[in-house]
Number of protein chains: 2
Amino acid sequence: METSNLKKAGLKVTLPRMKILEILETSETRHLSAEAIYRELLDSGEEIGLATVYRVLTQFEAAGLVCRLHLEGNQAVFELERGGHHDHIVCNQCGRVEEFFDETIERRQRDVAQHHGFAIKDHALVLYGDCVDSACPHRPA
Amino acid sequence: METSNLKKAGLKVTLPRMKILEILETSETRHLSAEAIYRELLDSGEEIGLATVYRVLTQFEAAGLVCRLHLEGNQAVFELERGGHHDHIVCNQCGRVEEFFDETIERRQRDVAQHHGFAIKDHALVLYGDCVDSACPHRPA
DNA sequence: AATAGAAATGAGAATCTTAATCATCTGAGC
DNA sequence: GCTCAGATGATTAAGATTCTCATTTCTATT
């Protein structure tokens with residue numbers, strides 16, 4: 001558990017923050033909603049309020065420790081920032097989220113923005129499709 | 001005003017639907033929130049409820065008459081479907097929305113998805129940056 | 001043009017996600 | 001251990017969107 005990240009971000013090392021960080025680090029699902037993290041906390045017997053989960057996640061985002069993603073659906077999901085930028089593919093059937101990075105797309109985005117007179121600062125790219133892997137529980141028979 | 005579009009979609013031709021379609025067709029801003037459309041209706045003296053605006057826009061979306069976009073910010077915006085698919089660039093300063101289409105990005109997205117075992121169905125791509133045009137009222141001096 | 005039936009509307013309530021409030025509690029340094 | 005700034009939690013609030021249901025409006029038919 002990297003408590004040093006918290007200190008670096010100017011955040012006190014508290015139990016809620018450590019527990020939330022731990023869940024983000026150890027959950028096999030890398031993209032978790034605030035609600036999902038809250039439920040995991042409850043399940044492991046922690047008495048941490050939902051408001052704290054939202055507050056802490058927002059602070060983590062500001063500190064660059066996590067990324068907030070708005071996938072289709074009503075609630076945002078959070079993922080631990082592991083260094084490299086990447087975009088996402090989401091399975092319409094099973095909801096599985098895969099990460100990818102494509103330099104061609106990245107470069108092209110910069111070019112397009114420039115042509116339109118924009119200095120690009122950020123982008124949001126999410127692909128939606130159907131898993132054709134055996135991994136997807138909903139794949140067509 | 002294309003009332004035939006409504007009929008084709010199996011929607012009764014009613015005053016609220018025609019008025020909302022008219023606003024989408026004639027507004028100089030091509031990307032409007034439900035709230036913004038509602039305000040335009042009120043300004044032109046129409047007695048149309050906000051619930052109806054949301055309902056009608058959702059139906060229009062299902063019928064393929066409009067697209068719903070989730071730009072950063074809390075509310076979705078709607079744009080009239082004019083045939084061609086495109087993505088968007090948004091100015092962080094003035095909120096201006098530009099449309100673009102780039103075949104290289106489109107193709108690359110399909111390739112990436114395929115490599116990850118997905119049959120891509122849809123995607124959401126939004127670039128965020130700062131206008132460097134004289135058009136942007138907030139451009140750096 | 002009057003009418004009936006189905007569909008659409010409007011006002012407000014409800015829902016859902018997220019943020020704000022504020023009194024109480026806790027961690028870091030002394 | 002003590003102090004106090006900062007953090008927490010329970011609740012309330014806010015904003016966007018959807019739902020409910022009684023009333024109204026189209027469309028097709030007399």
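Bear in mind that the values here come from a model prediction, so they are computed numbers and not experimental data. Just so it is clear: chains get the letters A, B, ... in the order the sequence lines come, proteins before strands, and each one is counted from 1. Reckoned from all heavy atoms, side chains included, excluding hydrogens, waters and symmetry mates.
Remark: P of D/dT8 and CD1 of A/I37 are 14 Å apart, rounded to the nearest angstrom.
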Shorter than 3.5 Å, N or O on both sides, protein versus nucleotides 9-11 of chain D: list them out with atom names.
from: D/dG9; atom 1: OP1; to: A/E47; atom 2: O; distance (Å): 2.6
from: D/dG9; atom 1: OP2; to: A/G49; atom 2: N; distance (Å): 3.2
from: D/dG9; atom 1: OP2; to: A/T52; atom 2: OG1; distance (Å): 2.7
from: D/dG9; atom 1: N7; to: A/R55; atom 2: NH2; distance (Å): 2.7
from: D/dG9; atom 1: O6; to: A/R55; atom 2: NH1; distance (Å): 3.0

I'd like a table of atom pairs between the protein and nucleotides 28-30 of chain C - only N or O on both sides, under 3.5 Å - with the distance next to each one.
none

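Taking side-chain N and O atoms only, B/R17 has a distance below 4.0 Å to OP1 or OP2 of C/dT9. Between A/Y54 and C/dT18, a side-chain N or O to OP1/OP2 separation shorter than 4.0 Å is present. In this model, the phosphate group of D/dT18 is approached by a side-chain N or O of B/T58 to a distance below 4.0 Å at OP1 or OP2.
Centroid-to-centroid, the aromatic rings of A/H116 and B/H88 stay 6.0 Å apart or farther.
B/R96 has a carboxylate O that lies under 4.0 Å from a charged side-chain N of B/E98, or vice versa, which qualifies the two as a salt bridge. Using a cut-off of 4.0 Å between Lys/Arg side-chain N and Asp/Glu carboxylate O, B/E103 and B/R110 are scored as salt-bridged.
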Salt bridge (Lys or Arg N to Asp or Glu O under 4.0 Å), that's the test. Do A/E81 and A/R30 meet it? Break it down for me.
CA-CA 10 Å; A/E81 178 59 71; A/R30 277 224 277 247; over 6 Å; no
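For the side chain to side chain contact (heavy atoms under 4.5 Å, CB included) criterion with A/H123, the lone passing option out of B/V90, B/V126, B/D87, B/L127 is B/L127.
Taking a 6.0 Å sphere around CD of B/E46, one finds it holds more than 12 heavy atoms contributed by other residues, nucleotides or ligands.
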